[in-house]
Amino acid sequence: MPPQWYRFVLAGELDPEQLSAFPDLIRALGTAAGTTVLSGPADTTRDLQLLLARFRQRGLTVLGSFRLLEAPDFGTRPGRE
């Protein structure tokens, strides 16, 4: 069974150093000012809980989290043609 995909809306605009703490997540471009939107898979409820704990450990505020019906289409990404 493929993993569930989730979208997380975080308060603030994460800088490159903060984003590097989440290499398993993909940042959405063109999000509202003052927020960062990250998407990624979680195989189990425990994986989701651990990911939310990682946000908290770094002092990040999750404004919303949403389960996606299918993996997002990010188009062609460098190195994944």
Side-chain angles (χ1 to χ4, degrees):
M1 180 178 203
Q4 292 291 315
W5 276 76
Y6 292 86
R7 178 163 291 147
F8 306 95
V9 180
L10 306 174
E13 296 178 14
L14 275 61
D15 62 38
E17 184 178 335
Q18 291 170 309
L19 289 170
S20 71
F22 303 99
D24 48 334
L25 300 180
I26 299 167
R27 181 176 171 231
L29 300 176
T31 60
T35 64
T36 300
V37 176
L38 300 175
S39 298
D43 291 321
T44 65
T45 300
R46 178 155 170 72
D47 291 338
L48 177 60
Q49 292 170 343
L50 290 171
L51 186 53
L52 292 169
R54 286 171 55 200
F55 292 139
R56 283 192 305 273
Q57 288 170 347
R58 287 169 177 76
L60 301 173
T61 300
V62 178
L63 300 175
S65 60
F66 310 92
R67 186 170 55 106
L68 304 176
L69 296 177
E70 58 187 30
D73 179 10
F74 295 105
T76 303
R77 293 172 49 199
R80 295 191 179 192
E81 292 141 349

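Values below: all heavy atoms of this structure, side chains included; hydrogens, waters and symmetry mates excluded. For reference, positions follow the sequence shown, starting with 1. Just so we're clear, the structure is a prediction, and the values are computed from it rather than from any experiment.
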* With sequence neighbours left out, what residues match T61 under side-chain contact (heavy atoms from CB on, under 4.5 Å)? -> A11, L63
* Asked: Who passes ring-ring contact (aromatic ring centres under 6.0 Å, His included) against Y6, sequence neighbours left out?
  -> none
* Any ring pair (Phe, Tyr, Trp, His ring centres under 6.0 Å) pairs touching residues 32-53, not counting sequence neighbours? -> none
* When hydrophobic residues are tied together by side-chain contacts of less than 4.5 Å, even through go-betweens, does L19 share a cluster with L10? -> yes
* In chain order, what residues pass the side-chain hydrogen bond (donor to acceptor under 3.5 Å, both in side chains) check against R67, with sequence neighbours excluded? -> Q4
* **Listed once per pair and sorted, the ring pair (Phe, Tyr, Trp, His ring centres under 6.0 Å) pairs that draw on residues 33-54, sequence neighbours left out** => none
* To do: Please assess R27 against V37 for the test side chain to side chain contact (heavy atoms under 4.5 Å, CB included), listing each intermediate value before the final yes or no.
  => CA-CA 6 Å; R27 181 176 171 231; V37 176; over 6 Å; no
* Euclidean distance, L14 CG relative to T36 OG1, rounded to 0.5 Å -> 4.0 Å
* Asked: Any link between L38 and F66 through a network of hydrophobic side chains (Ile, Leu, Val, Met, Phe, Trp, Tyr) touching at under 4.5 Å?
  -> no
* Asked: Does anything in residues 8-21 pair up under salt bridge (Lys or Arg N to Asp or Glu O under 4.0 Å), and if so which pairs, sequence neighbours excluded?
  -> none
Ignoring hydrogens and angles, write down the donor-acceptor pairs under 3.5 Å from the side chains of residues 48-60, residues two or more places apart or on other chains.
residue : atom : partner : partner atom : Å
R54     : NH1  : D24     : OD2          : 3.2
R54     : NH2  : A21     : O            : 2.7
R54     : NH2  : D24     : OD1          : 3.4
R58     : NH1  : R54     : O            : 3.3

